[in-house]
Amino acid sequence: MYRTHTCGELRISNQGQSTTLAGWVQTVRKFGAITFIDLRDRYGITQLLFGEELNKTLEENPMGREFVLQVTGSVQERSNKNLNIPTGEIEIKVETFRVLNKSAVPPFTIQDDTDGGDDLRMKYRFLDLRRNAVKKNLELRYAVNRAARNYLHNQGFMDIETPFLIKSTPEGARDFVVPSRMNAGQFYALPQSPQTFKQLLMVSGYDRYYQIVKCFRDEDLRADRQPEFTQIDCEMAFVEQEDILNMFEGMVKAIFKDVKGIDYTETVSRMTWEDAMWQYGNDKPDIRFGMKVLNLKKPASVYVQKQPAEELINGAGFKVFDDAETVVAIAVPGCSEYSRKQTDELTEWVKRPQIGMKGLAFIKYNSDGSCKSSMDKFYTEDKLKAIAEAAGAQPGDLVLMLAGAEERTRKAISDLRMEMAERLGLRRKDEFKLLWVLDFPLFEYDEEGNRWVARHHPFTSPKPDQIDTMISNNPSIENAAEYLKHPYANIKANAYDMVLNGNEIGGGSIRIFQRELQEKMFAALGMDEAEQLHKFGFLLGAFEYGAPPHGGIAFGFDRLCAILGGSESIRDFIAFPKNNAGRDMMLDAPATIDDKQLVELSIKLDVKS
Ligand code: ASP
């Protein structure tokens with residue numbers, strides 16, 4: 001037997017017991033004739049005491065960091081207790097020991113505050129995984145996995161595996177492809193999601209399906225993305241949007257409870273996509289704090305039909321606002337006393353290329369009720385106050401205003417809102433706020449390609465009362481610049497996203513389940529009949545054999561874990577992640593393959609290596 005206990009198990013109540021432990025050497029400390037070794041395994045750390053009588057054997061078997069060691073001895077009370085760790089009251093008085101394996105000197109310290117940089121830790125990920133901080137993340141990941149499975153199992157869902165070697169599924173990214181040796185010149189695609197399979201399972205009658213499953217998307221890895229990532233993928237038959245929303249807010253609440261001990265009893269807020277864009281400049285707003293956007297110009301290029309407060313800025317002769325497509329404002333609480341230096345710094349912040357604004361206007365709504373602004377020349381104090389109050393400001397607040405092209409300005413005000421919240425400490429890691437964003441546009445117009453594209457994916461159904469609009473209108477557009485006038489621009493989808501603290505953690509839709517409507521959808525996206533049959537003949541065919549109404553959702557599992565773990569990075573929650581260039585630093589993959597393999601696959605390369 002290699003061990004009787006783990007390194008995290010023994011307590012003062014075990015005093016006097018004989019024990020055998022096995023683990024890795026964390027530290028070796030020599031004090032005169034005696035030696036202390038901290039022995040570590042997945043469960044914790046236990047202090048070992050090697051008395052004088054073992055000195056000779058220790059000398060013959062010099063011990064180093066990360067050696068694999070087995071010891072037998074008895075549990076005794078420590079004189080110098082460490083109450084920060086659960087085993088800190090005891091130590092093992094070693095009687096015999098055995099080095100089970102040696103270790104080379106590790107390239108970085110296996111400690112929470114390691115001296116290893118990112119690249120090095122990724123190259124030696126198997127060592128990095130020994131660190132407590134990383135282990136905790138994987139434990140949390142497993143806890144989320146378990147909580148989701150338990151919940152879904154209790155709700156009657158079945159975990160059904162779907163294949164990885166398939167044909168393209170359109171989730172808006174490029175496919176990873178795999179050449180087929182047995183079918184020369186042909187390729188499988190790796191699934192961007194199991195979308196079509198889960199829909200086929202509904203046709204087959206498995207009315208509650210889930211899978212915690214890998215998805216593969218060949219995207220540029222900006223921000224915090226991974227080419228392969230995990231989804232909690234779900235589908236239900238005989239459901240309406242409301243059923244899905246209830247079922248899956250239940251799941252997320254169960255995860256909160258099981259993993260974080262949080263009783264999320266409040267109803268999950270809901271917001272339409274239009275409201276989200278209008279009030280937050282963003283379709284995944286963080287609603288832990290206010291600072292809603294005040295819109296002062298009519299929307300030009302987004303699919304939003306709202307009334308702005310134009311009268312507040314019109315007629316003042318302020319060219320910056322008059323000439324801008326979009327003018328927006330937010331009220332930042334308690335910042336009216338910002339100094340010149342601080343407002344200058346904020347101006348520089350919005351001018352950075354990532355934000356791309358030309359400048360920043362502000363109104364200080366002072367605690368005494370007076371207003372001071374960078375636009376004093378154009379607006380009376382009453383006007384300034386009216387703008388500030390329309391933005392939701394109270395005395396003591398600072399109103400920040402941006403003007404420019406619509407899309408960019410909306411994104412900029414959203415970024416600025418998040419930045420200010422961050423600076424004010426309003427984005428607390430221990431606060432969780434869920435939100436459903438509903439009624440997304442069904443289509444987006446790709447001006448470059450001059451065609452409609454599906455905003456979610458082509459299997460998403462329009463709102464029931466807009467199906468007619470879709471069927472009875474011809475998708476083609478004569479004048480691309482006027483696409484917003486086309487009836488398709490106003491069709492809303494039966495689609496929903498779940499947002500947690502400003503992150504989209506899940507998204508799904510009620511699906512089209514009639515062949516005719518699905519064909520119409522494909523046609524709207526520019527697919528002729530031949531292409532439809534080539535790409536999705538199997539699904540259209542299945543819809544002829546009694547497809548039930550159905551809908552579903554998929555959650556970004558890695559992201560959900562990262563947020564629950566209080567981290568910005570999903571990589572920290574993946575055992576073997578890839579770097580920003582999509583490389584596995586440990587395996588050194590992707591890599592070239594042998595000429596022989598290329599020949600077998602009938603592939604000739606056209607790259608210089
Ligand atoms: N397949 C979709 C996605 O990956 C989710 C869904 O519609 O269920 O985003």
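Both counts, for ligands and for their atoms, begin at 1 and track the order of listing.
Among residues at least two apart or in separate chains, side-chain hydrogen bond (donor to acceptor under 3.5 Å, both in side chains) pairs with a member in residues 516-527 are Arg515-Glu519.
When each atom of ligand 1 is checked for a heavy atom of Ser193 under 4.0 Å away, the hits are 1 (N), 4 (O). Annotation for ligand 1: atoms under 4.0 Å from non-hydrogen atoms of Ala554 are 5 (C), 8 (O). Every atom of ligand 1 with a heavy atom of Glu171 under 4.0 Å away is listed here by number and element: 1 (N), 2 (C), 3 (C), 4 (O), 9 (O). Set against the non-hydrogen atoms of Ile553, the atoms of ligand 1 under 4.0 Å away are 8 (O). If you number the atoms of ligand 1 from 1 as listed, the ones under 4.0 Å from a heavy atom of His456 come out as 6 (C), 7 (O), 9 (O). Listed by atom number, the atoms of ligand 1 under 4.0 Å from Gly508 heavy atoms are 6 (C), 7 (O). Atoms of ligand 1 lying under 4.0 Å from at least one heavy atom of Arg511, given by number and element, are 6 (C), 7 (O), 8 (O).
Without hydrogens or angle criteria, Ser193 side chain to Gln195 main chain gives a donor-acceptor distance under 3.5 Å.
Between Gln231 and ligand 1, an N or O atom pair is found at a separation short of 3.5 Å. By the 3.5 Å distance cut-off applied to N or O atoms, Gln192 is not counted among the residues near ligand 1.
Inter-residue side-chain proximity for Asp175 and Leu190 is flagged as unmet; no heavy-atom pair is nearer than 4.5 Å.
Ring planes of Tyr488 and His486: perpendicular class, angle over 60° (limits at 30 and 60°).
In this structure, atom 5 (C) of ligand 1 lies nearest to the protein heavy atom Gly507 O, 3.4 Å.
Looking only at atom types and distance, the side chain of Asn145 has a donor-acceptor partner in the side chain of Arg149 under 3.5 Å away. Side-chain N/O atoms of Asn450 and Tyr445 include a donor and acceptor closer than 3.5 Å. Between Thr265 and Asp263, the side chains place no donor N or O within less than 3.5 Å of an acceptor N or O (distance only, hydrogens not considered).
The closest non-hydrogen atom to atom 8 (O) of ligand 1, taken over Glu235, Lys198, Gln199, comes from Lys198.
Proximity of Arg217 to ligand 1 is established by a heavy-atom distance of less than 4.0 Å.
Annotation: cation-pi pair Arg146/Tyr142 present, NZ/CZ under 6.0 Å from the ring centroid and within 45° of its normal.
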